[in-house]
Amino acid sequence: MKAVALTTIALVAVGCAAKIDQPERPFDVPAPPAWTAATEEGFAETVAEDIDWWDYFEDAGLDVAISEALAHNKDLTAAAARIERAQAQARIAGAPLLPDLAAGLSRARQRNNFIGLPIPGGDPDDVLSSTSTNIGLSLNLNWEVDVWGKLKSAQIASLAEVEAVESDFAGARLSLTGQTAKAWFASIEARRQLELAESSLESFRESAERVRARFELGVRPSLDLRLALTTVDRTEALVAVRKRELDVAVRQLEILLGKYPAAAYALAEDLPPSPGAVPAGLPSELLHRRPDLIAQEQRLLAADAFVYQARMNMRPSFILTAALGTATNQLQDLLSGEVFVWSLVAGLTQPIFNNGQLKAEVSQNQAQAREAAAIYENTALGAYREVEVALAADKFLAEQEAALSSASIQAAKAQALAEERYRTGLTDIITVLDAQRTSIESESQWLAVRRGRLDNRVDLHLALGGSFSSESLSLADPQSRATGEKL
């Protein structure tokens, strides 16, 4: 009856345990009502269906590459393992909330000697002794009653860390899709740059042969031939550079896909078309689904829980220990009620003096919570900056692409005109070579800015945490943390 009464009291105490409150923390990072670099073009409403962000590029090869990366990338596999580790740690942290129950079975055999006690009728030199056997079966219970919620706060912190690690995994997955897309675009651009250099080399060789023929006829001076051959040599060097760039780009792509870096992955023929205008009126709430913001919010929650736990460590601890079992020297009597034994101990421990250790732990955890809050605010600011930069760059890159596209067309026409005038003797070789170099450089720059626009659109999707859809928003709103929610 005493055991039942004490256990009941302990359970009532747990039921009345104090609730854990988060501190009110007004953040200085309000969500912007509108992006300062927002475009006025596009459509006014965000798309209704939540789709994968890379679907906007409409590139089947990119879809396949990202699917392979998500299935086989080794960094992502490691991130998934970290989730399992955090989940196991959360189970460990929650274990002390329930009693620790263990069963035991023991058998001991002992001999005792009684020196100085004679054996009646025996030899006076013999030593009186006895041998005994003891067999025990026990059920032991040990429980720290969580009256103040300090054990619960440790579990909350561990569960928050699980959420944070899961968000880290989502962030790693999102980052991997972005890295794969950029590596895919970089590989295609590298191959297009190589094709441009090779076609230019072929053109320069043909031009050099024509100059050689005219030189041998005595029509053109040796200077023209030497300049033409110099251009051929320089372009051969450029071809070698482009081959190396393509080799590096494809091997990097293969590593992201979890493949051996053999520089043999099949690429698309050309870059996908430049992305359309960014939808107007993108809500800032899209940003709050970013995995890094969610992860940092959960780590702030864990830090607050540790502060509460440190405070509760200064209060009394209630420990209940109970043991039930049997003890006998006969194995057949082990389950008999005649040899039943039990013990019950209830203890209370109140810290009195520890040289300021517990107070220092409170201060330490409070400092860590302030650090976590500052990191959260800084992460939010960084996220806003990334969106603003990507939105602004989208407009600048579109203007740059349009200008370079026009320049490439004009340079190609100028090259054709210069070559025709050279054949008719109306201009010199320097003008021809300059026109040829300008045409190559213009097309090369146009290819680079096309890839730059694609990369910037990838950056925008990563900054927003995914597609332009608002179907799957998280609750990681910086302002929601100022309400002092219950842990």
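Hydrogens, waters and symmetry mates are skipped; everything else that's a heavy atom, side chains included, is used. Keep in mind that what you see is a predicted model, and the values were worked out from it rather than measured.
In this model, a donor atom of one side chain and an acceptor atom of the other lie less than 3.5 Å apart for Thr177 and Trp53. Gln298 and Ser167 share no donor-acceptor pair across their side chains, judged by distance under 3.5 Å alone.
Sorted by first and then second residue, the salt bridge (charged side-chain N to carboxylate O under 4.0 Å, His left out) pairs with a member in residues 176-187 read Lys182-Asp459; sequence neighbours excluded. Residue pairs meeting the salt bridge (charged side-chain N to carboxylate O under 4.0 Å, His left out) criterion with at least one partner in residues 247-275, sequence neighbours excluded, are Glu68-Lys259, Arg191-Glu269, Arg192-Asp270, Asp247-Arg251, Asp270-Arg450.
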| message | Test salt bridge (charged side-chain N to carboxylate O under 4.0 Å, His left out) on Glu245 and Arg242; report intermediate values, then the result. | response | CA-CA 5 Å; Glu245 291 174 346; Arg242 297 306 190 197; 3.0 Å; yes
| query | Where do Gln309 and Asn365 land on the side chain to side chain contact (heavy atoms under 4.5 Å, CB included) test, with the steps shown first? | reply | CA-CA 9 Å; Gln309 182 187 34; Asn365 284 285; over 6 Å; no
| field | Derivation of the side chain to side chain contact (heavy atoms under 4.5 Å, CB included) call for Glu163 and Ile294 | value | CA-CA 8 Å; Glu163 293 289 337; Ile294 298 174; over 6 Å; no
| message | Go through it in stages, so that I can follow the logic: the residues are Phe468 and Leu460, the test is side chain to side chain contact (heavy atoms under 4.5 Å, CB included), and I'd like the CA-CA distance, side-chain angles, deciding distance and then a yes or no. | response | CA-CA 10 Å; Phe468 294 138; Leu460 178 58; 4.0 Å; yes
| query | Can you list the steps and then say if Ser274 with Glu401 is a side chain to side chain contact (heavy atoms under 4.5 Å, CB included)? | reply | CA-CA 9 Å; Ser274 296; Glu401 182 184 4; 2.7 Å; yes
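Here the CZ atom belonging to Arg453 is positioned 7.0 Å from the CG atom belonging to Leu397, to the nearest 0.5 angstrom. One finds the CG atom of Asn313 at 8.0 Å from the OG atom of Ser153 (value rounded to the nearest 0.5 Å). Leu464 CG to Leu286 CG: the interatomic distance, rounded to the nearest 0.5 Å, is 6.0 Å. The distance from the CD atom of Glu386 to the CG atom of Leu381 is 11.5 Å, given to the nearest 0.5 Å. Atom CD of Glu399 and atom CG of Asp394 lie 10.0 Å apart (nearest 0.5 Å). Going from atom CG of Asn354 over to atom CE of Met314 covers 7.5 Å, rounded to the nearest 0.5 Å.
When all heavy atoms of Ala369 and Val307 are compared, the pair lying nearest together is CB-CG2, 4.1 Å. Closest approach of Leu174 to Pro291, counting heavy atoms only: CD2-CD, 4.1 Å. Contact record, Asn456 with Ala390: ND2-O, 2.9 Å, taken as the closest heavy-atom pair. Closest approach of Asp55 to Asp63, counting heavy atoms only: OD1-OD1, 4.0 Å. Closest heavy-atom contact between Gln350 and Pro316: OE1-CG, 2.7 Å. In this structure, Leu257 and Ala65 approach most closely via the heavy-atom pair CD2-O, 3.0 Å.
With a 6.0 Å radius and a threshold of 12 heavy atoms from other residues, nucleotides or ligands, Gln364 has its CD atom above the threshold.
In this structure the side chain of Phe185 reaches within 4.5 angstrom of the side chain of Val458, judged on heavy atoms. By the 4.5 Å heavy-atom criterion applied to side chains, Arg457 and Val278 are counted as neighbours. Considering only heavy atoms from C-beta on, Val145 stays 4.5 Å or farther from Ile319 through its side chain. Within the 4.5 Å cutoff, the side chain of Pro272 has heavy atoms near those of the Leu454 side chain. Using a 4.5 Å heavy-atom cutoff, the side chains of Leu267 and Leu253 are in contact. Proximity of Ser467 to Tyr56: side-chain heavy atoms (C-beta onward) are separated by under 4.5 Å at one or more points. Looking at heavy atoms from C-beta onward, Arg299 lies in side-chain contact with Asp168 at the 4.5 angstrom threshold.
Listed by chain and number, the residues in a side-chain hydrogen bond (donor to acceptor under 3.5 Å, both in side chains) with Gln357 are Glu361 (sequence neighbours excluded). Ser317 pairs by the side-chain hydrogen bond (donor to acceptor under 3.5 Å, both in side chains) definition with Lys150, not counting sequence neighbours.
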Enumerate, atom names and distances included, each donor-acceptor pair closer than 3.5 Å involving a side-chain atom of residues 75-94, sequence neighbours excluded.
from	atom 1	to	atom 2	distance (Å)
Thr77	OG1	Asn73	O	3.1

Name every donor-acceptor pair, under 3.5 Å, that has one atom in a side chain of residues 95-110 and the other anywhere in the protein, sequence neighbours excluded.
from	atom 1	to	atom 2	distance (Å)
Arg109	NH1	Thr133	OG1	2.7
Gln110	NE2	Asn112	OD1	3.1

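In this structure, Arg311 contributes its side chain and Tyr308 its backbone to no donor-acceptor pair below 3.5 Å. Thr379 contributes no side-chain N or O that, together with a main-chain N or O of Leu293, makes up a donor-acceptor pair within less than 3.5 Å. Side chain of Arg290 to main chain of Ala463: a donor-acceptor pair is present (N/O by atom type, distance under 3.5 Å, no hydrogens or angles). Between the Asn142 side chain and the Thr321 main chain, no donor and acceptor come within less than 3.5 Å of each other. With hydrogens and angles ignored, the 3.5 Å screen pairs a side-chain donor or acceptor of Asp146 with a backbone N or O of Lys152.
Under the 30°/60° scheme for interplanar angles, the aromatic rings of Phe57 and His461 are found to stand perpendicular.
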